[in-house]
Every structure is written in structure tokens, then in C-alpha cells.
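Since the structure comes first, as C-alpha cells, the remarks are kept for the end.
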Amino acid sequence: MADDKKLTTREADFSAWYNEVVLRAELADYSPVRGCMVIRPDGYGIWERMQRALDDMFKATGHRNAYFPLFIPQSFLAKEAEHVEGFAPETAVVTHGGGKELEEPLVVRPTSETIIYAMFAKWVQSYRDLPLLINQWANVVRWEMRTRLFLRTLEFLWQEGHTAHATHDEAQEEARKMLGVYRTFMEGWMAMPVITGLKSESEKFAGALRTYSCEAMMQDNKALQAGTSHNLGQNFAKAFELKFQTEAGGTDFAWNTSWGVSTRLVGGLVMTHGDDKGLRVPPMLAPTEVVIVPIWRKDEERSRVLEAAHRIRASLLEVQRSDRGSLRIHIDARDSMKPGAKYYEWELRGVPVRMELGPRDIDANQAVVVRRDTGVKKIVSLDALGGEITTLLEQMQDEMLAAARERREAHSMRGPITYDAFRQVMEGAGGFVYAGWCGRAGCESQIKEDTKATIRVMPDEEFRSPEAPVACLMCGQPATAEAMWAKAY
RNA sequence: CGGGACGUAGCGCAGUCCGGUAGCGCACCUGAAUGGGGUUCAGGGGGUCGCGGGUUCGAAUCCCGCCGUCCCGACCA
């Protein structure tokens, strides 16, 4: 029955829609282990492209990849007081090995600060060894109570950068720089606009001096923390004796930063760009940018059309694109499906451009080119195909970002707002609300209790309102900062 | 850990109230026709009804216990 094939609409039930898209587009599946997710080839293909792009950006900023152990002695976590308090409740702990009870339990890493800075302490002697710029691609485990595909799973894949510097300012600059790298990636590759800024004390990373974050708005108007970057100060250096000899001859503790993004980004991509037909993948991240659907009735047409399709693909592969490599094109030559069924499938999977190619097109030296984001069809001469398609892909990349940004701004509120009005917003459609904050944790927690909204960030200057808020949203006392409030994932 | 719902074929479900030996749609296999937006027809394969116990001539159905999953809260990338 045709109706069974339709997706749940986003408007009706965003969560159900999200789960259905992830499962039906074959990005991921539930595993036999509760809370753990299996990432299927289609989902991993997107993650792989994300990885490659990020890794190139890390290399370009001087970072090198390394790998550290999965197991962390329990005592390591305990060395930094706030850190253990933050992470201990959600760790998985190995108590037995080789059939015997271990003398000291091993924690499966929830994050690797402790084990990495223990090693840094061995590697750093002098200021000449600094800065030390390391990145690790790894899996981590956090024993969450409730899980959600890609967004919150017990085990997840991520990268975690860890650096050591000689001065506070240098570490601070690093933390800010990597936040910028994340923003460039999220906006430039994912077409997902973000608000950057500083986390409040209560929301910052356990053990950090300051936490910065990229916050994106999903289509249900909730915020997704898409990436974080921490200035760890000397907290971990002191805990792990990460000391170095200064240029002046004395000794000092190093200054650390850490920063990470995870497979959560794949979920963010789905929730930013998906529509009622399924996924929409921005061209930069699409494992397949163009799918050619050949159309035929008879056998002689079939061979003629397929031959043309291969010829077109070969010519498109020749097209030079300065920084994007050659076009990624797939020909869907399956005999078992009608063209219409193929269209629906590729739309569900989010391939940016579909090319329909039938005998009539070939006779007319043309193809029908359809964009996934807007659904607009265009008849293109085969002679102009290379230029048309590369231009179209670039245009789609830009327009998807612009559309997402426009959507976010349409659901953002600035300027004076009463607490009652704020509560109504949060109980209703939600969105990002920029308002004053007195800086006290009491007001922050009260608002969270009332509305479930939290301070996502104190926005960086470019995101701040033209008129700085004068009063705290909650208590009305003078505001010390502008805070961006939203419900979050 | 509190509140709610559910567990029947690979997936989605009906059947449970009122007990009689398991069914529908999709998917899958075979054949034929079809083919520019989810093809049609015919035939076919596949289930110890979550697990354990009890009641009964007889249990998917009633009773007891356990396990698991999902959703809503508290916690979090």
C-alpha cells in the first residue's frame, strides 16, 4: 500500500520522523546491546567524509594523530576532582580480566584527558617541547540512561584533540582557534549554521576553566551542541604533574586544551536538512553527489541508455573541480525496480542531484536534472552537463546553508522579553531566545526547572544583539552577560 | 530510578476483552506481462506467539513470576 511507504511528517512527530529516516535511509540500526548503535555503510560513508575533512583541517593547523588506550585506571579519573565528579556516574568499569578480579578496576574511557595528560607528562621536559598538538580518533563509552540514534548512544565515535601549551594565552588562542575550525566545518561542509560562544559554569566540561561550544538549531527548534572546545587551564597539568622548564629556567605547569566532535554530527545533519521525503545531504558530504537513473522499456533501449549513462559519467569524471575532487556519480542500473521507485529511494537517501536519462532524452541530446533540496527539475543539454552540474552542486551547498540560517533566525528572539512571554515561547514553538543574565547560577537553574530551557552559550560578539540586554530575564537585576536560551538535545 | 505503553514471520501490525491449535500488509522466492514518479497478476517459502511456571480436555488469549524494548521525566556530546 502506497501510504505505508510515506514517512511520518516532521511537523506531526519530529522524533518519530527522525528515527524513521535514520533507519529507513539505512544510516544506522539498533544493535543487540541496549543503547549501542550500529552505523551502516551509508551512515558511515557520510561520517567518513566528515572525518576526512576534519582531519585535513586538523593537519593544516599543525595537529598530529595518535592513539591512546581504551582502558583508564580508575585512580586516573580521580586525580582531577571536578572531572571525576562529572564523569564517574556514567562510566563503564571493567573489574575482571583473564578470569581474575583486577587489583584496580579499569574504566572504559568516557573521554581521554587523564590517560593522555599522563603520557604528556612523560613527553614534555622543556618549553621547547611545547606546544604539543595531538588528536585522537576513537570510540568512547558513557553510560547514558536514555539513548537516541547518533545523538546519544552508550558508545560513540569521535575525535578528541588534546594540546599542551606554555602559557594561558596560547592555550586560550588554541581553544578559540579549534572552535573556529569546527564552525568552518559545520557551516562550510555540513551547511549547518551554528552560534558559537561560552558555556555557563554549570554547563561547562567537568574539569575545564572555560568551555566553548557550537550550537545548531534543529527543525524542532531545539538546540544541538554540535562541538565543544575547552580551555582546561592547568587543572589537569597539576593533577598529572605535567610540568616543563621555562625559558627563564623555572618550572611551570602546562596549559591544556581539549576539543571534540562526534558521530552526533550525522544526527545533526539529518535534523537540520531532512524533509518529509527523507534525508538531504549537502553535496560536500554526499558520498554520491549525482545518481543517474536510466529509463528504458525494451532491451535494445536498455543497452542504448546504459551505454549513454556510462559515457556521460565518464565525461563528468573528467570535469575539473579545483578543491572538491572529481564528481561522485552512481548509475542505478537495477532491473528489478521501476524508475519511479528508484526516485523515491534516492530521495530518501538524500543524494543531491538525480539525473533522469531515457531514450527520448538521448535522441534530444539532453538529460533531466533534478535537485534534491528544492525538487526543481531542469532539462540540460548533454554538452553543457559538466558545467551545469558543478555549478548546481555549489549553488545547493550555499543555498542549503542560507536556508538553514534563515530558518534559525526566523525562530530566534532578541530584545526585551518578560519572563512570562519567555515561558510561553518555551512551552510552545521553542527557539533561541537571547536575553540578559545576572550571572547567578540560581536564576539559571530556576529557569531550567520552570521551562527545561538552558543557557546554550553566552554568544560570541558577532552573535550578540545590537542592544545589550540590561536586566536578567529571571530576577530583573542588572545583566552581566547576554545568554542564548533554548531547549536542547 | 519514577510514570506510561508494548513484546505474534525480516519489518509494520490484527487476533487477547469472550480459550478451540495463527492471520494481514510490506519485504523475500518462482513465472508471465509491464516499464518517463512507489507495476500488475498468479503461485510459493518463512513464526516453539519474549522466557518460565500455573489453570484447563485444550492457552497467543486467563493467572503468577521474570526478561526485554520504546515513549515521557531526572542525567548527558
Side-chain angles (χ1 to χ4, degrees), chain A residues 1-8 13-16 18-20 23-24 26 29-35 85-91 110-111 139-160 182 199 202-206 211 213-216 223-230 258-268 277-278 293-299 301-302 305 334-348 354-364 366-368 370 375 377 379 445 448-449 452 454 456 488-489:
Chain A
M1 214 170 278
D3 279 357
D4 291 344
K5 295 180 174 175
K6 276 190 182 155
L7 285 166
T8 308
D13 188 340
F14 193 73
S15 292
Y18 172 79
N19 280 321
E20 208 177 332
L23 294 172
R24 276 182 43 188
E26 298 185 356
D29 203 353
Y30 295 109
S31 80
V33 182
R34 185 197 78 85
E85 196 184 318
F87 281 103
E90 56 182 60
T91 51
T111 178
N139 56 341
V140 290
V141 168
R142 296 180 189 177
W143 215 262
E144 304 291 350
M145 293 172 189
R146 269 182 68 199
T147 61
R148 193 145 143 68
L149 292 169
F150 283 114
L151 300 186
R152 180 162 297 106
T153 46
L154 294 197
E155 181 196 358
F156 57 92
L157 299 179
W158 76 345
Q159 64 64 221
E160 45 180 329
Y182 286 156
K199 284 284 186 188
S202 68
E203 297 274 335
K204 77 172 188 191
F205 178 78
T211 291
S213 165
C214 297
E215 300 284 330
L224 182 76
Q225 181 173 309
T228 51
S229 180
H230 318 289
S258 69
W259 26 276
V261 296
S262 73
T263 42
R264 165 176 262 207
L265 291 177
V266 179
K277 291 177 174 177
V293 179
I295 295 155
W296 65 76
R297 291 168 210 247
K298 310 177 200 101
D299 276 358
E301 283 179 351
R302 179 180 185 276
V305 170
R334 285 175 292 181
D335 286 309
S336 56
M337 280 173 108
K338 287 176 68 177
K342 292 179 182 178
Y343 300 166
Y344 281 101
E345 186 181 312
W346 293 113
E347 280 165 356
L348 175 65
R354 173 177 84 238
M355 193 191 304
E356 306 173 2
L357 189 70
R360 297 206 299 264
D361 296 310
I362 295 168
D363 292 342
Q366 65 179 37
V368 178
V370 189
K377 286 190 182 190
I379 292 172
S445 59
K448 183 176 181 181
E449 197 177 307
K452 287 168 202 152
T454 51
R456 301 319 304 155
Y489 277 101

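Quick note on labels: first sequence line is chain A, next is B, and so on, each numbered from 1. Atoms considered below: every heavy atom in the structure, side chains included; atoms not considered: hydrogens, waters and symmetry mates.
Taking atom CG of residue A/L348 and atom C1' of nucleotide B/A27, one finds them 15 Å apart after rounding to whole Å. For A/D29 and B/C70, the CG to P distance is 12 Å, given to the nearest whole Å. Between the C1' atom of B/G36 and the CE atom of A/M337 lies a distance of 16 Å, rounded to the nearest Å.
Legend: residues meeting side-chain hydrogen bond (donor to acceptor under 3.5 Å, both in side chains) with A/R142, ordered by chain and number and at least two apart, are absent. Listed by chain and residue number, A/R304 satisfy the salt bridge (charged side-chain N to carboxylate O under 4.0 Å, His left out) test with A/D363 (two or more places apart in sequence, or in another chain). Judged as a salt bridge (charged side-chain N to carboxylate O under 4.0 Å, His left out), and not counting sequence neighbours, the contacts of A/R334 are A/D332, A/E345. Residues passing the salt bridge (charged side-chain N to carboxylate O under 4.0 Å, His left out) test with A/E301, sequence neighbours excluded: A/K298. Taking A/K377 as the reference, A/E356 meet the salt bridge (charged side-chain N to carboxylate O under 4.0 Å, His left out) condition, with sequence neighbours excluded.
Separation of atoms CG (A/L357) and CD (A/Q366) is listed at 9.5 Å; rounding is to 0.5 Å.
Residue contacts for A/P89: at a heavy-atom cut-off of 4.0 Å it reaches no nucleic acid atom on any strand shown.
Between A/Y343 and B/G37, no base-stacking contact is recorded for ring centres under 5.5 Å apart and planes less than 30° from parallel.
For the C1' atom pair drawn from B/C49 and B/C62, the interatomic distance equals 16 Å after rounding to whole Å. Rounded to whole Å, the separation between the P atoms of B/G3 and B/U61 comes to 26 Å. A gap of 15 Å separates the C1' atoms of B/G7 and B/A14, to the nearest Å. Between B/C57 and B/G2, the distance separating the two C1' atoms is 45 Å to the nearest Å. If you take atom C1' in B/U30 and the same atom in B/C70, they sit 38 Å apart, rounded to whole Å. Across the C1' atoms, B/U21 and B/G47 are found 14 Å apart, a figure rounded to whole Å. With both ends at atom C1', the span from B/G54 to B/C11 equals 34 Å, rounded to whole Å.
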Between protein and nucleotides 39-43 of chain B, what N or O pairs are separated by less than 3.5 Å?
| unit_1 | atom_1 | unit_2 | atom_2 | d |
| --- | --- | --- | --- | --- |
| B/U39 | O4' | A/K338 | NZ | 3.4 |

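Nearest to the side chain of A/K448, among B/G36, B/G38, B/C75, sits B/C75. Taking only side-chain atoms of A/E347, from C-beta outward, the nucleotide of B/C70, B/A74, B/G37 with the closest atom is B/G37.
A/R302 contributes no side-chain N or O that forms a donor-acceptor pair with the base of B/G35 under 3.5 Å.
Across the strands present, B/G73 finds its partner in B/C1; the criterion is a Watson-Crick or G-U wobble pair with both atom distances under 3.5 angstrom.
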